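Report on the following structure.
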Amino acid sequence: MIAGRAKEDGRAGVWAEAREMLDGLPGGRGLNIAYEAVDRHATGPWADKVAVRFLTKTGSVRQMTYRSLSEESNRFADLLRSLGVAPGAAVFLLAGRIPELHIAALGALKARTVVCPLFSAFGPEPIRARMEIGDARVLVTTPSLFRRKVAGWRHALPGLDHVLLAGPAGEAEGIPGTEGLATRMAEADKRYEIEPTDPEEPALLHFTSGTTGAPKGAVHVHEAVVAHHATGQRALDLRADDIFWCTADPGWVTGTSYGIVSPLTNGVTSVVDEREFEAERWYRTLEEERVTVWYTAPTAIRMLMKAGDDLPKRFDLSLLRFVASVGEPLNPEAVIWGRDVLGHPIHDNWWQTETGGIMIANVQGTEIRPGSMGHPLPGVGAAVGKREDGKLKLLEEPDAVGELVLRKGWPSMFRGYLHQEGRYRACFAGDWYLTGDLVRRDQDGYFWFVGRADDVIKSSGHLIGPFEVESVLVEHPAVAEAAVIGKPDPVAGEIVKAFVSLHAGHANNEELRLQILGHARARLGAAVAPKEIAVVADIPKTRSGKILRRLLKARELGLPEGDTSTLEGTP
């Protein structure tokens, strides 16, 4: 029997029951993510409960209750209305883990605009490309990020009507072409009634990269909140009395679905840390903030492991009861390390930008098989498939390797790739969504990740599309062609390694390689730019001109090169 098939007939019932856990807009006026996250709590017994505790870079703490978060997000929604921003317009958020990001995200959802968070470590070019594709009308950012990453190209986006800068008035005002967010918020009304919201209205836009072409903008709708809420309970075991810490940046889908929405709909108190990773401080945060549920990434776990087993012994982690990981496969050693050092095995789970929420997980109370993704959650129909002659064949035998496919119908499934309908349709075979990930399913129904079916690079939990990096590399005057691959790394999972061929007249030396790397870092940001570069005589391509990245990777790692019959220059 195919895993998940036994429950397929009941999948709709599972999600219908999950929908009943939410309130819906008063008067049966639809479903709005922000209402479920804050407003329904703001007038009830949780009104004065701390919703989010923000730990700032300076070491101070700012707490927001459900009531105050509701009022502040109301102000932002009213501000958008006063600016004439219509429902469906795109509001982009470019900031670190600061209160204004949460307020703007929730307020924009109340105003029925489409929220698109961006990773603040991106360089100018990835930011510009995403805002151009998304037809950005409003940008919320900080003075520093605006000056460094937006000001130089803002003129190229004439449709960007408003740039709102978060921060003290002295810093955020007086910059040409911008407005101070705090000043405008002070003028806005803290009362706001959310207009009727169709559950299928676009709500969130998350960009993900493919192996070719521009970044893909995955569109999610307000109905997604049903999955955010239910999977927070099922996969992360969230309870109303929890202190929850999701370390993901809101610029990535995890930081939105489970850093903002899910903990709020479930009434927990979230910890949001503006600062970056530092092992000792992270352990201290777990202790001092009395964290009970912790959701982090394999890269961070490996870095904690590297810091040694004696460090956590200095801290009281006795309140911690559940640890989960997402972003890339979690190696078995890390699961066992969590059990031995933290006192809890680390529960790996699997999902994608396109799924919008957790699909497969090692849940509380079940046996964990280190290295496994776990089982499909209730309501998720998952199987292993193989594409043959344009058709999808489901593989029923245990341990057969094939593509992970999901039966359509879960609430947080993306509804399209922005402006790329053909690319969206290609993701489906009948009623099945094709994930592009290779897996196997054992005889007990556990799923095991095998590898990516394409060339997307996973580095420190970030998905990096080779085409985007290569496009920036060839902008350098010395670079004729470029190709990038993911090279295994014990901490990041993979790092980006670039191969470039040079134009005539440029000598291959260390100075030039450093110049090219510097150019890439300036344009793409440190998280996306290559960490290594090699100069080669030619980039291997097929006769049709497609770069053979798999061949580069095989040569880099000393693996079999496979079929090279289509290689350019072969007889």
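If you're wondering where the values come from, they're calculated on a predicted model, not measured in any experiment.
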Query raised in the report: How far apart are the C-alpha atoms of D273 and R275, what are their side-chain angles, what is the distance that settles it, and do they pass the salt bridge (charged side-chain N to carboxylate O under 4.0 Å, His left out) test?
Result: CA-CA 6 Å; D273 185 5; R275 295 167 291 184; 3.5 Å; yes
Requested in this report: Show your reasoning for whether side-chain contact (heavy atoms from CB on, under 4.5 Å) applies to Q233 and M21.
Outcome: CA-CA 11 Å; Q233 294 180 8; M21 293 191 288; 3.7 Å; yes
Query raised in the report: Given W282 and F277, is the ring-ring contact (aromatic ring centres under 6.0 Å, His included) satisfied, shown in steps?
Result: CA-CA 7 Å; W282 272 34; F277 175 87; 4.9 Å; yes
Report task. Test side-chain contact (heavy atoms from CB on, under 4.5 Å) on L304 and L342 and set out the steps. Result -> CA-CA 11 Å; L304 290 173; L342 301 179; 5.9 Å; no
Requested in this report: Starting from the C-alpha separation in whole Å, work towards a yes-or-no answer on side-chain contact (heavy atoms from CB on, under 4.5 Å) for W351 and T231.
Outcome: CA-CA 11 Å; W351 56 295; T231 57; over 6 Å; no
Requested in this report: Output, in order, the C-alpha distance, side-chain angles, deciding distance and verdict of side-chain contact (heavy atoms from CB on, under 4.5 Å) for L181 and L79.
Outcome: CA-CA 9 Å; L181 177 61; L79 169 56; 3.9 Å; yes
Requested in this report: Mind running salt bridge (charged side-chain N to carboxylate O under 4.0 Å, His left out) on D489 and K531 for me, showing each step along the way?
Outcome: CA-CA 11 Å; D489 180 83; K531 299 294 190 295; over 6 Å; no
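A salt bridge does not link R75 to E71: none of the charged nitrogens lies less than 4.0 Å from a carboxylate oxygen. We find that D189 and R191 are joined by a salt bridge, their nearest charged nitrogen and carboxylate oxygen being less than 4.0 Å apart. Salt-bridge check for K487 with E532: passed, with a basic side-chain N closer than 4.0 Å to an acidic carboxylate O. Using a cutoff of 4.0 Å between basic side-chain nitrogens and carboxylate oxygens, R53 and E289 are scored as salt-bridged.
Within the 4.5 Å cutoff, the side chain of V484 has heavy atoms near those of the I457 side chain. Proximity of I485 to V496: side-chain heavy atoms (C-beta onward) are nowhere separated by under 4.5 Å. No side-chain heavy atom of L205 sits less than 4.5 Å from a side-chain heavy atom of V115. Contact of the V226 side chain with the R19 side chain is registered, since non-hydrogen atoms from C-beta on lie closer than 4.5 Å. The closest side-chain heavy-atom distance from C116 to V91 is not below 4.5 Å. Between E288 and F315 there is no side-chain heavy-atom pair separated by less than 4.5 Å. Looking only at side-chain heavy atoms (C-beta outward), R147 and P143 come within less than 4.5 Å of each other. The side-chain heavy atoms of V293 and D237, taken from C-beta on, include no pair separated by under 4.5 Å.
The stretch residues 512-521 participates, sequence neighbours left out, in these salt bridge (Lys or Arg N to Asp or Glu O under 4.0 Å) pairs: E510-R513. Applying the side-chain hydrogen bond (donor to acceptor under 3.5 Å, both in side chains) test to residues at least two apart or on different chains, the pairs with a partner in residues 219-228 are H228-S257. The ring-ring contact (aromatic ring centres under 6.0 Å, His included) pairs that include a residue from residues 42-76 are H41-W46, H41-Y66, F54-H102, where partners are two or more places apart or lie in different chains. Sorted by first and then second residue, the salt bridge (Lys or Arg N to Asp or Glu O under 4.0 Å) pairs with a member in residues 242-254 read R97-D249, D242-R321; sequence neighbours excluded. Among residue pairs with one or both ends in residues 57-67, those qualifying as salt bridge (Lys or Arg N to Asp or Glu O under 4.0 Å) are D48-R67; sequence neighbours excluded. Listed by first then second residue, pairs satisfying ring-ring contact (aromatic ring centres under 6.0 Å, His included) with a partner in residues 117-140 read F119-F122, F119-W252, F119-H462, F122-W252, not counting sequence neighbours.
If you check the side chains of Y295 and N349, you find a donor sitting under 3.5 Å from an acceptor. Under 3.5 Å, the side chains of E354 and Y417 contain a donor-acceptor pair of N or O atoms. Judged by distance alone, the side chains of T58 and T56 do bring a donor and an acceptor atom under 3.5 Å apart.
Annotation: the span from I103 atom CD1 to S68 atom OG amounts to 8.0 Å, rounded to 0.5 Å. Note that the CZ atom of R137 and the CG atom of L80 stand 14.0 Å from one another [nearest 0.5 Å]. Here the CD-CD1 distance, from E511 to I516, works out to 11.0 Å after rounding to the nearest 0.5 Å. One distance of note links CG of L524 with CD of E468; it measures 6.5 Å at 0.5 Å rounding. Between the OG1 atom of T141 and the CZ atom of R148 there is a distance of 9.0 Å, given to the nearest 0.5 Å. Atom CH2 in W294 sits 9.5 Å away from atom OG1 in T285 (nearest 0.5 Å).
You'll find the ring centres of Y258 and F244 outside the 6.0 Å limit.
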Please output the side-chain donor-acceptor pairs of residues 155-173 that fall under 3.5 Å, not counting sequence neighbours, one pair per line with the distance.
unit_1, atom_1, unit_2, atom_2, d
E173, OE2, T183, OG1, 2.1

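T353 pairs by the side chain to side chain contact (heavy atoms under 4.5 Å, CB included) definition with H206, T208, A218, V253, not counting sequence neighbours. In this structure E187 satisfies the salt bridge (charged side-chain N to carboxylate O under 4.0 Å, His left out) test together with R184, sequence neighbours excluded. Scanning for side chain to side chain contact (heavy atoms under 4.5 Å, CB included) contacts around A34 gives N32, L106, L109, K110, with sequence neighbours left out. Legend: residues meeting side chain to side chain contact (heavy atoms under 4.5 Å, CB included) with R523, ordered by chain and number and at least two apart, are E125, V472, E475, H519. Residues forming a side chain to side chain contact (heavy atoms under 4.5 Å, CB included) with A248 (at least two apart in sequence, or on another chain): C246, T254.
More than 12 non-hydrogen atoms from other residues, nucleotides or ligands lie less than 6.0 angstrom from CD of E278. At most 12 heavy atoms of other shown residues, nucleotides or ligands fall within 6.0 angstrom of atom CZ in R290.
For the pair K458 (side chain) and I464 (backbone), a donor-acceptor distance under 3.5 Å is absent. A donor-acceptor pair under 3.5 Å is absent between the side-chain atoms of S459 and the main chain of I495, judged by distance alone. A donor-acceptor pair is defined here as one N or O able to donate and one able to accept, closer than 3.5 Å; such a pair exists between the side chain of N266 and the backbone of S262.
Between F207 and F92, the ring planes are tilted. Angles from 30° to 60° get that label.
Among R29, R112, R81, the one residue that satisfies the salt bridge (charged side-chain N to carboxylate O under 4.0 Å, His left out) test with E195 is R112.
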